[in-house]
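Working notes for the structure below.
From a predicted model like this one, the values you see are computed outputs, not experimental measurements.
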Amino acid sequence: MVVVGGLGSLWGSLAGAAFVTILPHLLGSLEDYKDILYGLIVVVVLLVLPRGLLVGLVDLAKTHLARRGSAATTRAV
């Protein structure tokens with residue numbers, strides 16, 4: 001839970017705990033593939049967001065907003 005959420009952040013650890021706790025319930029209808037999907041989702045999160053779930057999502061949001069702002073500035077010029 002801490003590794004998924006991020007080792008350097010209390011809020012990230014809480015987000016990781018929530019993610020790891022809720023994920024099996026979301027995959028409940030896929031009973032035959034639940035364990036495989038759970039493992040794949042956790043591995044993808046660790047590969048795509050190596051600093052943790054919360055920090056990674058915040059970084060992605062900042063990047064998206066920065067691109068959006070630069071695109072608006074470019075159009076205005």
Side-chain angles (χ1 to χ4, degrees):
M1 292 178 184
V2 172
V3 172
V4 170
L7 290 170
S9 167
L10 173 64
W11 292 109
S13 299
L14 292 173
F19 178 76
V20 171
T21 302
I22 292 171
L23 186 60
H25 298 291
L26 295 176
L27 299 174
S29 62
L30 304 169
E31 198 62 42
D32 294 337
Y33 305 104
K34 185 164 59 171
D35 292 334
I36 294 170
L37 288 173
Y38 180 79
L40 284 174
I41 290 170
V42 170
V43 168
V44 167
V45 167
L46 291 173
L47 291 174
V48 174
L49 306 170
R51 293 179 47 203
L53 185 64
L54 191 63
V55 174
L57 291 176
V58 168
D59 288 346
L60 286 174
K62 285 180 183 177
T63 303
H64 177 71
L65 291 174
R67 285 184 189 163
R68 195 172 185 194
S70 66
T73 304
T74 305
R75 276 187 259 143
V77 171

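Applying the side chain to side chain contact (heavy atoms under 4.5 Å, CB included) test to Leu40 and every residue at least two apart in sequence or in another chain returns Ile36. Taking the side chain to side chain contact (heavy atoms under 4.5 Å, CB included) definition, one finds that Leu26 meets it with Ile22, sequence neighbours left out. Partners of Asp35 under the side-chain hydrogen bond (donor to acceptor under 3.5 Å, both in side chains) rule, at least two apart in sequence or in another chain, do not exist in this structure.
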Which side-chain N or O atoms in residues 11-20 pair as donor and acceptor under 3.5 Å with protein atoms at least two apart or in another chain?
unit_1: Ser13; atom_1: OG; unit_2: Gly6; atom_2: O; d: 3.3
unit_1: Ser13; atom_1: OG; unit_2: Ser9; atom_2: O; d: 3.0

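Neither Val58 nor Leu46 shares a network with the other; the hydrophobic side chains, linked directly or stepwise wherever heavy atoms of I, L, V, M, F, W or Y lie under 4.5 Å apart, form separate groups for each. Leu54 and Val42 fall into different hydrophobic clusters, defined by Ile, Leu, Val, Met, Phe, Trp and Tyr side-chain heavy atoms under 4.5 Å apart, directly or through other members.
Sorted by first and then second residue, the salt bridge (Lys or Arg N to Asp or Glu O under 4.0 Å) pairs with a member in residues 36-58 read Arg51-Asp59; sequence neighbours excluded. The salt bridge (Lys or Arg N to Asp or Glu O under 4.0 Å) analysis of residues 16-28, with sequence neighbours excluded, yields no pairs.
The hydrophobic cluster around Val43 extends to Leu47, counting ILVMFWY residues whose side-chain heavy atoms fall within less than 4.5 Å of a member.
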